[in-house]
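Written out below as structure tokens is the structure these notes cover.
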Amino acid sequence: MKLVGNYKEWITPELLNILLTDDGEVTPVYQPDKWKGTPEFDAARTAVEQAGYPAGNHTFCQYTRDTECLKHLDIKMPIDIEGEYHWWIIKLKPGQMQPMHFDPHVTQVAKCTRWTMPLLDYQPGHVFVWENNLLADYKAGDLFLWDDPMCYHGVCNISMHTRLTLQISAYSL
């Protein structure tokens, strides 16, 4: 992860209020049927199953431009992005997590560039791991460029405070 800069001004009080008070789309962490059909996903699905993560028992909150509570906002990205891209926001309440994984969409394009931006300051217990690294002590609005969009990563919230991050993926087909 490489720090690109801080874009705290992008995080409006209205956006934060919505994210903190509305759970958006509650999404199962483990969706085995979604991961069938390619060797990369079959290996990831098998690893998650063997680790003992049961289907449907873990969820997280997710938001996109189509999420009902955000539809009225005109959300522009904090940086200029050329070409096709999509964004989503992940909310992890205390006790929620996403086990080590890689994201399916990065395997479906020739080139993917990824960024992540925390929307709240780091709290002890906000855990983001990629490969053998841990991201900590960040500030709300710090924008990080991923070194490798295909890397295994995982996140959990063992704090007493909600964790919010913006995720952006840009594509070259």
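Positions are given from 1 along the sequence.
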For Val4 and Asp142: C-alpha separation, side-chain torsions, deciding distance, then whether side chain to side chain contact (heavy atoms under 4.5 Å, CB included) applies.
CA-CA 7 Å; Val4 174; Asp142 283 350; over 6 Å; no

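Taken together through direct or relayed side-chain contacts under 4.5 Å among Ile, Leu, Val, Met, Phe, Trp and Tyr, Tyr85 and Ile89 form part of one hydrophobic cluster. At a threshold of 4.5 Å between side-chain heavy atoms, the hydrophobic network of Ile, Leu, Val, Met, Phe, Trp and Tyr places Tyr7 and Trp87 in one connected group. Linking Ile, Leu, Val, Met, Phe, Trp and Tyr residues whenever their side-chain heavy atoms come within less than 4.5 Å leaves Leu135 and Leu143 in two separate clusters. Linking Ile, Leu, Val, Met, Phe, Trp and Tyr residues whenever their side-chain heavy atoms come within less than 4.5 Å places Val155 and Trp88 in a single cluster. Transitive grouping of hydrophobic side chains (ILVMFWY, heavy atoms separated by less than 4.5 Å) keeps Leu3 and Leu145 in distinct clusters.
Between Leu92 atom CG and Gln98 atom CD the span is 5.5 Å, to the nearest 0.5 Å. Between the OG1 atom of Thr67 and the CG atom of Asp22 there is a distance of 9.0 Å, given to the nearest 0.5 Å. Note: Glu131 CD to Asp148 CG = 6.5 Å, rounded to the nearest 0.5 Å. Separating the OH atom in Tyr63 from the CG atom in Leu164 is a distance of 6.5 Å, to the nearest 0.5 Å. Within the model, atoms OG1 of Thr113 and CD1 of Ile81 stand 9.0 Å from one another, a figure rounded to the nearest 0.5 Å. Between Lys139 atom NZ and Asp121 atom CG the span is 5.0 Å, to the nearest 0.5 Å.
Ile11 places none of its side-chain heavy atoms less than 4.5 Å from the side chain of Glu9. At least one side-chain heavy atom of Ile168 sits under 4.5 Å from a side-chain heavy atom of Pro78. Within the 4.5 Å cutoff, side-chain heavy atoms of Met1 are placed close to those of Thr116. Looking at heavy atoms from C-beta onward, Thr21 lies in side-chain contact with Asn17 at the 4.5 angstrom threshold. A 4.5 Å side-chain heavy-atom check between Ile90 and Gln167 finds at least one atom pair inside the cut-off. Met77 has its side chain out of reach of Met117: every pair of non-hydrogen atoms, C-beta onward, lies at least 4.5 Å apart. For the pair Leu19 and Lys91, the minimum side-chain heavy-atom distance is 4.5 Å or more. Using a 4.5 Å heavy-atom threshold, the side chains of Lys2 and Asp147 count as touching.
In this structure, Gln96 contributes its side chain and Thr59 its backbone to a donor-acceptor pair below 3.5 Å.
Residues satisfying the salt bridge (Lys or Arg N to Asp or Glu O under 4.0 Å) test with Lys8, not counting sequence neighbours, are none. Residues passing the ring-ring contact (aromatic ring centres under 6.0 Å, His included) test with Phe144, sequence neighbours excluded: none. In terms of the ring-ring contact (aromatic ring centres under 6.0 Å, His included) criterion, residue partners of Trp146 (sequence neighbours excluded) are, by chain and number, Phe128, His153.
Residues Asp66 and Thr64 have side chains that never bring a donor and an acceptor to within less than 3.5 angstrom of each other.
Taking all atoms of both residues into account, the shortest heavy-atom contact from Leu16 to Leu119 is CD2-O, 3.9 Å. Taking all atoms of both residues into account, the shortest heavy-atom contact from Met97 to Cys156 is CB-CB, 3.5 Å. The two atoms that bring Trp115 and Ala170 nearest to each other are CZ3-CB, 3.8 Å, heavy atoms only. When all heavy atoms of Pro94 and Asn157 are compared, the closest pair comes out as N-ND2, 3.4 Å. Of all heavy-atom pairs spanning Pro124 and Ser159, the tightest one is O-CB, 3.1 Å. Shortest non-hydrogen contact noted between His161 and His126 is O-NE2, 3.0 Å.
In the displayed structure, Asn132 atom CG is contacted under 6.0 Å by at most 12 heavy atoms of other residues, nucleotides or ligands.
The pair Asp23-Lys93 counts as a salt bridge, with a side-chain nitrogen and a carboxylate oxygen less than 4.0 angstrom apart.
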